[in-house]
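Below is one structure, written out as structure tokens; the observations come after it.
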Amino acid sequence: MIETERLILRPLTYEQLLKYSNLDDSLEKELNTEKSPRSISPELREALDYGIIPHVADERQNYLFSTLWTIISKESNKMVGDVCFKGEPNIDGEIEISYGTHFEFRRKGYMTEAVGEMLKWAKTQSSVMKVLANTEKNNLSSQRVLRNNSFSQIGETDGIVYWEIRVK
């Protein structure tokens with residue numbers, strides 16, 4: 001768990017991911033938080049079902065590199081978004097970060113703060129050298145999160161912008 005003045009970032013266990021996925025408020029009850037206005041996009045559903053949950057179930061892997069870290073606002077005691085890495089570092093020490101803010105909590109700086117904390121955590125992991133990210137070309141809010149955390153743009157295709165930051 002990571003705590004800031006405004007936020008708690010809590011890595012979800014396998015059982016908690018199943019509750020998260022059900023959208024039945026059972027996770028909120030377990031975490032002792034207020035009901036959150038969250039939904040699961042088709043892209044996140046696919047990532048949960050075919051990537052995140054199976055990787056977290058694999059006890060040979062460090063689940064902290066694959067699970068969702070739910071972001072809880074201390075002020076509202078609600079889940080305001082999620083951040084995750086897309087698996088353990090590759091041979092070059094690279095990991096990819098992904099994140100999303102629940103609609104009603106956007107434009108409050110939560111994700112900029114959460115990504116910054118995840119970068120601090122990544123720096124403490126001996127196997128991590130670089131964090132990668134990508135955003136849709138028209139997602140200026142997401143790009144602002146990365147710029148505010150000192151990511152550099154390293155390329156783009158028709159619809160995607162690619163980013164990186166060295167942590168060591």
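Remember, it's a predicted structure, so these values are computed and weren't measured experimentally.
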Linking I/L/V/M/F/W/Y whenever any side-chain heavy atoms sit under 4.5 Å apart, do I165 and Y162 land together?
-> no

Hey, any chance I2 and M111 share a hydrophobic cluster, counting ILVMFWY side chains that come within less than 4.5 Å of each other, even indirectly?
-> yes

Has the side chain of N77 got a donor or acceptor atom that lies under 3.5 Å from a matching backbone atom of N32?
-> yes

Which heavy atom of L9 sits nearest a heavy atom of A114, and at what distance?
-> CD2-O, 3.8 Å

Min side-chain heavy-atom separation I8-K74 under 4.5 Å = yes

Any Q153 side-chain heavy atom under 4.5 Å of R147 side chain | yes

If you measure from NZ on K123 to CZ on R166, what distance do you get to the nearest 0.5 Å?
-> 12.0 Å

Any sub-3.5 Å donor-acceptor pair from Q143's side-chain atoms to K137's backbone N or O?
-> yes

Do R38's NZ or CZ and the ring of Y20 fall within the cation-pi criteria of under 6.0 Å and 45°?
-> yes

Would you check if S36 and K78 make a side-chain contact, meaning some heavy-atom pair closer than 4.5 Å?
-> yes

Rounded to the nearest 0.5 Å, what's the gap from CG on N134 to NZ on K86? Could you check?
-> 5.5 Å

Heavy-atom side-chain contact between T67 and T13 under 4.5 Å | no

For the residue pair K19 and L12, establish whether any side-chain heavy-atom pair is separated by less than 4.5 Å.
-> no

Decide yes or no on side chain to side chain contact (heavy atoms under 4.5 Å, CB included) for M79 and F105, but give the supporting numbers first.
-> CA-CA 9 Å; M79 290 187 280; F105 300 105; over 6 Å; no

What pair of heavy atoms forms the shortest contact from L48 to P54, and how long is it?
-> O-CD, 3.6 Å

Validation row: S127, E88 side chains within 4.5 angstrom (heavy atoms) = no

Ring centers of W121, F65 separated by less than 6.0 Å | yes

Tell me whether M1 is reachable from Y110 by hopping between hydrophobic residues (I, L, V, M, F, W, Y) whose side-chain heavy atoms are closer than 4.5 Å.
-> yes

Are any side-chain N or O atoms of D24 and backbone N or O atoms of S26, one a donor and one an acceptor, separated by less than 3.5 Å?
-> yes

Taking K168 for its side chain and V128 for its backbone only, find out whether a donor-acceptor pair lies under 3.5 Å.
-> yes

Got a second to check how far Y63's OH is from L17's CG, nearest 0.5 Å?
-> 9.0 Å

Apply side chain to side chain contact (heavy atoms under 4.5 Å, CB included) to the pair V167 and Q125, showing each step before the final yes or no.
-> CA-CA 10 Å; V167 294; Q125 307 304 304; over 6 Å; no

With side chains defined as the heavy atoms from C-beta onward, is the minimum distance between Q61 and V56 less than 4.5 Å?
-> no

Verdict with reasoning, T101 to K108, per side chain to side chain contact (heavy atoms under 4.5 Å, CB included) | CA-CA 10 Å; T101 309; K108 297 182 185 323; over 6 Å; no

Kindly say whether N139 contributes a backbone atom to a donor-acceptor pair with the side chain of R144 at under 3.5 angstrom?
-> no

Side chains of S39 and H102: closer than 4.5 Å at any heavy-atom pair?
-> no

Is a side-chain donor or acceptor of W69 paired with a backbone partner of F85 at a separation under 3.5 angstrom?
-> no

Transitive ILVMFWY side-chain link I154 to W163, under 4.5 Å | no

Look up atom CZ in R10 and atom CG in D82, then write down how far apart they are to the nearest 0.5 Å.
-> 13.0 Å

Any side-chain donor near an acceptor of the partner, T4 and E113, under 3.5 Å = yes

Distance (rounded to the nearest 0.5 Å) between K130 NZ and E94 CD = 5.0 Å

The side chain to side chain contact (heavy atoms under 4.5 Å, CB included) partner of V115 among I97, N148, V131, I71 is I97

Are any side-chain N or O atoms of N22 and backbone N or O atoms of L18, one a donor and one an acceptor, separated by less than 3.5 Å?
-> yes

Does atom CD of E3 have more than 12 heavy-atom neighbours from other groups under 6.0 Å away?
-> yes

Worked check of side chain to side chain contact (heavy atoms under 4.5 Å, CB included) between T70 and L31 | CA-CA 10 Å; T70 194; L31 298 179; 4.1 Å; yes

Output for pair (E28 CD, E34 CD), nearest 0.5 Å, gives 10.0 Å

Taking atom types as modelled, is there a side-chain donor on S142 or Y99 under 3.5 Å from an acceptor on the other?
-> yes

Do L146 and L140 share a hydrophobic cluster (ILVMFWY, side-chain heavy atoms under 4.5 Å, transitive)?
-> no

